[in-house]
Amino acid sequence: FVLTQGNPRWEKTDLTYRIENYTPDLSEAEVDHAIEKAFQLWSNVTPLTFTKLPAGQADIMISFVRGDHHDNSPFDGSGGNLAHAFQPGPGIGGDAHFDEDERWTNNYRDYNLYRVAAHELGHSLGLSHSTDIGALMYPNYIFSGDVQLAQDDINGIQTIYGPSKNPTQPTGSQTPEVCDSKLTFDAITTIRGELMFFKDRFYMRANSVYPEVELNFISVFWPSLPSGIEAAYELAERDEIRFFKGSKYWAVLGQDVLRGYPKDIHSSFGFPRTVKHIDAAVSEEDTGKTYFFVANKYWRYDEYKRSMDAGYPKMIAHDFPGIGHKVDAVFKKDGFFYFFHGTRQYKFDAKTKRILSLQKANSWFNC
Amino acid sequence: HSFPVAPETQQQDVETVQKYLEKYYDLKDVGTHIERRRNSGSVVEKLKQMQEFFGLRVTGKPDAETMKVMKQPRCGVPDVAR
């Protein structure tokens, strides 16, 4: 996080705001609700309170304006600049302006007012732009379906105003750090020759051309996929990736989620009702067999026959000795399985049923 | 696997970079002819500052990845103190 230069802050905690005018894109009630929710994000983690005034001068004046609106920072029509806000202080200090040449929404379509207001109010309270891509104070518009303060935002605002008195204040989501030795993964899959690692709302992507690991939101590629993917595998023959969460799964072709998904894992793969979710999955291009790992057992599914092979489930420990009783993620590369559990990664040779090496889970990131 | 871009797109990119850096990275707008500035030290420095901020490859050049980030809609507050 970054504090605004000079550390401007409000000297009182009971702040007021007023919505001077309304965008025709949303009903007044929807605008009020979006702005109220945005203030709540910040009041939940600080001693600050925000009271809406129906008229008169408030600490934070909110308005929808277009082009040059006489504050030395003209808006630029549709796209580009979406909004801006001023640091704490008298007069225009703290005020937030939203570009009326944008379309304001209360859903995932551009641009979600709640999401942009949450960011601008961070400026109104004294925060500047963060380099943490998972933070609300990151300067570019990214809407991943939900709006929550990252731990980086909370650390920043509490540096200025201290924590909330409410003992149950929320903690923020943590953006994964690729070289964190404690990094674990929700799911991993190959994708057209690359590897993609999934953690919470994020993916990490490693390939041989770029030395740095790319970290971004899953929603950048697949906006309709949920966060917290639990398993994923590539069905290379059909150039499909399948993502699993709970009893649902999605099939994507490149960046397109195929029609008719999500589907149910019980009716599609024949899992018993006792299976509530999949821990990990991997498919073998040469045999057409897909391995599903659930708790301490695994199933084998025949992609050609589209049915589970007989005799399953079997115990993981029996056929994959040494990798433990639970798998977080798995993929296959160059004939070898790579099993992940916690911070451990096992390279496993299925032919000899031996572990060839034990590494850190993030060993692919050249830390 | 990006393809060669047409000359006019390059010209547009130069202007995009100029405006972006003036707006968010305190690049001084001295009104000098854009073409000549493309390689000026201050543009390269500011571009590196922006690339570092966004975690991009710090090349000092308006490469495709950098242009993609520059064209994303964003907040109008600068990323660096003015």
Side-chain angles (χ1 to χ4, degrees), chain A residues 2-8 69 71-87 96-99 101-103 110-111 115-124 127-133 136-143 175 178 209-216 220, chain B residues 1-5 8-31 34 43-82:
Chain A
V2 176
L3 303 184
T4 302
Q5 186 181 9
N7 296 343
H69 49 285
D71 66 352
N72 216 19
S73 299
F75 281 138
D76 50 14
S78 162
N81 275 355
L82 303 181
H84 55 223
F86 293 84
Q87 63 187 51
H97 301 164
F98 297 84
D99 187 348
D101 281 333
E102 315 300 345
R103 185 188 55 183
D110 294 347
Y111 295 102
R115 174 63 183 84
V116 177
H119 173 96
E120 297 309 329
L121 294 180
H123 290 314
S124 303
L127 286 177
S128 205
H129 283 150
S130 168
T131 58
D132 179 343
I133 195 171
L136 283 184
M137 292 314 294
Y138 190 77
N140 286 6
Y141 179 81
I142 301 172
F143 183 56
T175 305
V178 297
V209 175
Y210 295 118
E212 290 102 18
V213 177
E214 179 182 315
L215 182 147
N216 213 321
V220 164
Chain B
H1 305 294
S2 55
F3 300 112
V5 289
E8 62 275 8
T9 310
Q10 282 171 351
Q11 184 58 32
Q12 278 169 7
D13 282 355
V14 167
E15 285 172 22
T16 301
V17 167
Q18 184 91 15
K19 280 202 187 93
Y20 192 92
L21 294 179
E22 283 167 7
K23 218 182 264 182
Y24 306 116
Y25 286 85
D26 205 19
L27 177 70
K28 290 292 172 279
D29 172 10
V30 294
I34 288 176
V43 169
V44 170
E45 274 321 301
K46 291 296 179 183
L47 201 49
K48 281 184 179 175
Q49 203 178 344
M50 175 260 176
Q51 287 165 337
E52 196 168 337
F53 182 94
F54 282 98
L56 303 167
R57 246 166 302 289
V58 181
T59 60
K61 291 188 180 58
D63 50 54
E65 198 183 12
T66 301
M67 293 312 297
K68 191 174 132 210
V69 171
M70 278 193 175
K71 288 171 183 167
Q72 284 175 2
R74 57 165 286 159
C75 168
V77 172
D79 296 331
V80 294
R82 177 163 296 192

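Only this structure's heavy atoms are used, side chains among them; waters, hydrogens and symmetry mates stay out.
With a threshold of 4.5 angstrom between heavy atoms, A/E102 does not approach chain B through any atom at all. Neither the backbone nor the side chain of A/T4 comes within contact range of chain B; no heavy atom of the residue lies under 4.5 Å from a heavy atom of that chain. Contacts of A/Y111 with chain B are made by side-chain atoms alone, with heavy-atom separations under 4.5 Å and no backbone atom involved.
Salt bridge A/D110/A/R115: absent, no basic N to carboxylate O contact under 4.0 Å.
Checked against a 6.0 Å centroid threshold, the rings of A/Y138 and B/F54 count as neighbours.
Between the side chain of B/K46 and the main chain of B/L21, no donor-acceptor pair closer than 3.5 Å is present.
Among the residues in residues 73-81 of chain A, those with a non-hydrogen atom closer than 4.5 angstrom to a non-hydrogen atom of chain B are A/D76, A/G80, A/N81.
Under the side-chain hydrogen bond (donor to acceptor under 3.5 Å, both in side chains) criterion, A/Y141 pairs with no residue, sequence neighbours left out. Annotation: side chain to side chain contact (heavy atoms under 4.5 Å, CB included) contacts of A/A118 (sequence neighbours excluded): A/A38, A/L41, A/L136, A/V147. With sequence neighbours left out, the side-chain hydrogen bond (donor to acceptor under 3.5 Å, both in side chains) criterion links B/T66 to B/Q51, B/D63.
One finds the CD1 atom of A/I142 at 4.5 Å from the CD1 atom of A/I133 (value rounded to the nearest 0.5 Å).
B/E22 and B/Q18 share a side-chain donor-acceptor pair at under 3.5 Å.
Note: A/A83 leads A/A85, A/S128, A/A83 in heavy-atom pairs under 4.5 Å with chain B.
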